[in-house]
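The block underneath contains the structure these notes are about, expressed in structure tokens.
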Amino acid sequence: MPTALPHDRRRLTHRSSLVLTILLVSFAALLGSFVGLGRIDQTLYDRAVSLVSRPAQSDIVLITIDDESIAALGRWPWSRRTHAELLDRLRDARAVGLDLIFSEPDSNDAQADALLAAAIERHGRVVLPIVLDDLARVQTYESPIPQLARVAAGMGFINIPLDPDGVVRETAWNRAVGGVRVPHFVLSLMAAGGEADAARAFGQGFGPREQSLIPFAGPPAHLVTVPYLRVLDGHIPPEWFKDKYVLIGAWATGMSDAFPTPVSHRASGMAGVEILGNLLQAAREQRSWRAATPWQGALAAALPVLLLCLMLRHGSPKASLILTALLPLIILPGALLLLRYGELWIPPSAALLGVAICYPIWSWRSQETVLRYMDTELRRLRREYAPVLNLPSGSSLLGRRSLEDRLSQLRDALALVRNLRSFLTDGLDGLPDATLVFDVNQRLQFRNRAAVTFFRRLSARSPHVGQQAGDLLARVVPGDETRHQIRAAMDRASHSDARSGWSADVEVRDSAARDLIVKCAPIHTSDGQFVGTILTLSDISAIRQAERHREETLRFISHDMRAPQNSILALVDLHTREHGKEDETLARVAQLAHRTLHLVDGFVQLTRAESVRIESVPFDLAETLREVADDFWAAARARDIALTLAEPLPTAEVSGDQTLLRRAVCNLVDNAIKYSPDHSRVRCGLAAQGSMWVVSVADEGPGIGGADAATIFEPFTRVGASGRADRGGAGLGLAFVRAVAQRHHGSVEVESAPGEGATFLLRIPRATPA
């Protein structure tokens, strides 16, 4: 019975999933494009600003007109003579900002304005405020009286915009009045304090109608604050203000222009002069927070919903639930970190709301899809397998509508269908090898078409259901001992667990002289009960025939090709002894004979390395490397090549064929000596790298080019260092190394560049501890 959705229904399900994903992501993106969902995001922003405070700059000082100063100096407004006296005490300050409005002359003291103007001129670094009539649509502004404006080092507007809820979160840095650019008060203060370039660079980042979020340094009273009276009466010496920015403004009860801010939720508000202090610190730090654009808000809200939809579509319910719970814990800190380090505020409520509605909607849709599919499949079971399920034709599998009820009914139905004979027969008939299925008493229950064909080739009657395994094996396997091995393997399978897999692996020759591999595996029910054994007969005659041909070829190459070459060498040696001198032609003949012998030996060794059965034994790879170094010491010494080991070598326990691995290491060391110049060095080492032991052999030869390095391990590749012909080699040594490495589940590679020598790395897995 098919267990998957039909193609059309599966395509419809995929399409509905895609449509639902698009709708949910689009809804989240639409919410995010509003860049904030009112009071929720404002509250989250205010909390985020409170969590990203930073130290106040020590060279920014607020001189506050507080209640103590009012009580001592009289009611406000004070005479401008008092302000002039204060400015004289601030002569060493870097710049002074008077957050006081002097839009009209002093009506009580005709000389006060002149005295204040003189003090401002003597100081030379005093900035006065401008009040714009409308920060959004600037037409006019209120400036200080001309007498003071002429001597001021600069002027700037101090207007503070309010959000609809009355909280100060943003500020403007530039405005244009009558086509003239008017900077903010703190930018003019920075210019007066010698930071004109920094103020200009910071201000140019904002358009004449643009606003940015205020990066408050901390809560109220976070900046350095001193009372007006303490400065005026000399309690704080003038030297203390040296090289500091000083802001003078109202702080007293009833006269302070205090505003609610994101960081003043525990206080009644923050004084305007302290807001200016925060803006001054932000401008000096070149720090400005920006609110996300609509597309940024839409993207930030859509991505978490898209991620959750993909998990809901492809992940498990448990993983989807965990991700749904984790996403809010990622979104909120993510918004906070982006504000702190990216200076960008993306309101998170749209993403949170999108995630919150995504999971229940998708879960509802998934459950409805599963229920519809289960209804369809249960109807098919009732229609097609009613006799098997022992259901009367009029019975209803769909009487109860809950998911759990239908799961229980479907589970029972599938358990019965899973044992149907046709299900097993269809699977067995598709197997290419002769396959026989026996029950617990080793009686034949099923055989596939390949088994019928196999027995017919033996001129025997086809196996029939109920036939004993011993009778069938007697017609296939002639030897009693081999039949006993197969029967014993079947007995062992009956006591093995459901995950034991194929076993036996007995190789026999049947009565038709065909080579067979006999394997068996247990059959268990879904609850783990043993119900039978599968026996397969795989014909490997072609493989064994090819192996026999290969062995005959190897014997021919190893013996029949060696004999003539050895005879040639013997005749050359005899001729040399008889005549007492070496003939050049015969020397070349001997050289070619030696090369042929090397080729024969390399080919035979490579072929056996690729096909020989690995007899794994534990041994120390470090000792093998030491022995190889000792063997080649004389050859290296003859050319004044230093063959060194990176002592101390670790104890490198491996499991494999020691003879093959030793020869592989020999080939690497031999090549390193062969291609190294005289008076150079060959370095051998051994180190652990993860689950591998790595044998390294490095020489100081001319190196190997990139194109040659890609083919150097191929058989019969006779390319030496830097593309020159191999020095008499057959091109099989490195191919042998690669074959040995692969047979041991390792690898070999070369690291080299022309003119820089070559390092060969042989990786062999560590021995698994008992």
Side-chain angles (χ1 to χ4, degrees), residues 49 52-66 69 83 85-100 119-120 122-129 152-158 160 171 173 183-203 205 212 214-251 261 263-264 270-289 340 343:
V49 174
V52 294
S53 63
R54 58 191 188 278
Q57 292 182 352
S58 60
D59 56 351
I60 296 178
V61 179
L62 308 181
I63 296 180
T64 59
I65 303 173
D66 58 354
S69 301
H83 301 315
E85 183 180 354
L86 180 71
L87 287 178
D88 288 337
R89 291 184 175 276
L90 300 175
R91 57 184 178 274
D92 294 329
R94 185 170 187 173
V96 177
L98 282 173
D99 184 22
L100 303 173
I120 293 174
R122 283 195 302 274
H123 193 285
R125 299 178 300 283
V126 179
V127 177
L128 298 179
M155 292 186 294
F157 66 87
I158 59 173
I160 299 176
T171 186
W173 296 99
H184 194 276
F185 181 78
V186 300
L187 298 181
S188 298
L189 188 62
M190 288 177 61
E195 296 182 288
D197 293 339
R200 188 181 306 108
F202 182 75
S212 71
I214 301 176
F216 288 95
H222 185 66
L223 301 179
V224 179
T225 305
V226 296
Y228 193 106
L229 178 63
R230 297 301 179 187
V231 180
L232 192 64
D233 64 10
H235 278 80
I236 301 177
E239 296 80 11
W240 188 79
F241 297 96
K242 183 176 177 59
D243 296 330
K244 295 181 180 179
Y245 285 99
V246 178
L247 286 166
I248 304 172
W251 191 281
T261 65
V263 294
S264 61
M270 180 178 286
V273 66
E274 188 168 11
I275 295 177
L276 293 176
N278 279 274
L279 291 175
L280 176 60
Q281 177 170 338
R284 295 187 68 202
E285 294 175 348
Q286 300 290 305
R287 186 189 302 272
S288 64
W289 291 347
R340 175 64 179 85
E343 300 184 351

Salt bridge (Lys or Arg N to Asp or Glu O under 4.0 Å) partners for Arg284, two or more places apart: Asp59, Glu195
Between OG on residue Ser288 and CG on residue Leu279, distance to nearest 0.5 Å: 11.5 Å
Do the non-hydrogen side-chain atoms of Thr261 and Phe216 ever get within less than 4.5 Å of each other? yes
Hey, is the main chain of Arg340 close enough, under 3.5 Å, to the side chain of Glu343 for a donor-acceptor pair? no
Which heavy-atom pair separates Pro215 from Ala282 by the least distance, and what is that distance? CG-CB, 3.4 Å
Angle between ring planes, His184 versus Trp173, binned at 30° and 60°: parallel, tilted or perpendicular? tilted
Hey, mind stepping through Val96 and Leu87 against side chain to side chain contact (heavy atoms under 4.5 Å, CB included) and telling me if it holds? CA-CA 8 Å; Val96 177; Leu87 287 178; 3.8 Å; yes
Do Arg91 and Pro238 touch side chain to side chain, with heavy atoms closer than 4.5 Å? yes
Using atom types as modelled and distance alone, determine if a side-chain donor or acceptor of Ser69 lies under 3.5 Å from a backbone N or O of Pro227. no
Heavy-atom pair with the smallest gap, counting every atom of Met155 and Ser188: O-OG, 2.7 Å
With a 4.5 Å cut-off on side-chain heavy atoms, are His83 and Tyr228 touching? yes
Check the pair Val226, Trp240 against side chain to side chain contact (heavy atoms under 4.5 Å, CB included), reporting the backbone distance first and the verdict last. CA-CA 11 Å; Val226 296; Trp240 188 79; 4.0 Å; yes
In the structure I gave you, are the side-chain heavy atoms of Ile275 and Ile160 within less than 4.5 Å of one another anywhere? yes
Working to the nearest 0.5 Å, report the span between CZ of Phe241 and CD1 of Ile236. 5.0 Å
Are Leu90 and Val126 packed together at the side-chain level, in the sense that at least one heavy-atom pair is separated by less than 4.5 angstrom? no
Short side-chain to backbone donor-acceptor contact, Arg125 and Ala93, under 3.5 Å: yes
Main-chain N/O of Pro55 paired to Gln281 side chain as donor or acceptor, under 3.5 Å: yes
Measure the shortest side-chain to side-chain distance between Ile65 and Leu100 over non-hydrogen atoms and say whether it is less than 4.5 angstrom. yes
At what distance, to the nearest 0.5 angstrom, does CG of Leu280 lie from CG of Leu223? 9.0 Å
Considering only heavy atoms from C-beta outward, does the side chain of Val231 approach that of Leu86 to under 4.5 Å? yes
How far apart are the closest heavy atoms of Lys244 and Val61, and which atoms are they? CD-CG2, 3.8 Å
Ser53 (side chain) donor-acceptor with Gly218 (main chain) under 3.5 angstrom: no
From OG (Ser212) to CZ (Arg287), nearest 0.5 Å: 12.5 Å
Show your working on side chain to side chain contact (heavy atoms under 4.5 Å, CB included) between Val186 and Val127 and close with a plain yes or no. CA-CA 9 Å; Val186 300; Val127 177; over 6 Å; no
Between Val224 and Ile60, the two heavy atoms sitting closest are CB-O, 3.7 Å
Heavy-atom closest pair (Ala192 atom, Ala153 atom, distance to 0.1 Å) is CB-CB, 4.0 Å
Could you go step by step and tell me if Lys242 and Arg94 meet the side chain to side chain contact (heavy atoms under 4.5 Å, CB included) rule? CA-CA 7 Å; Lys242 183 176 177 59; Arg94 185 170 187 173; over 6 Å; no
In this structure, CG of Asp197 is separated from CE of Met190 (nearest 0.5 Å) by 10.0 Å
Shortest non-hydrogen contact from Leu187 toward Gly203: CD1-CA, 4.0 Å
Within this structure, what is the CG-CG distance for the pair Asn278 and Leu62, rounded to the nearest 0.5 Å? 8.5 Å
Is there side-chain contact between Leu276 and Asp99, with at least one heavy-atom pair below 4.5 Å? yes
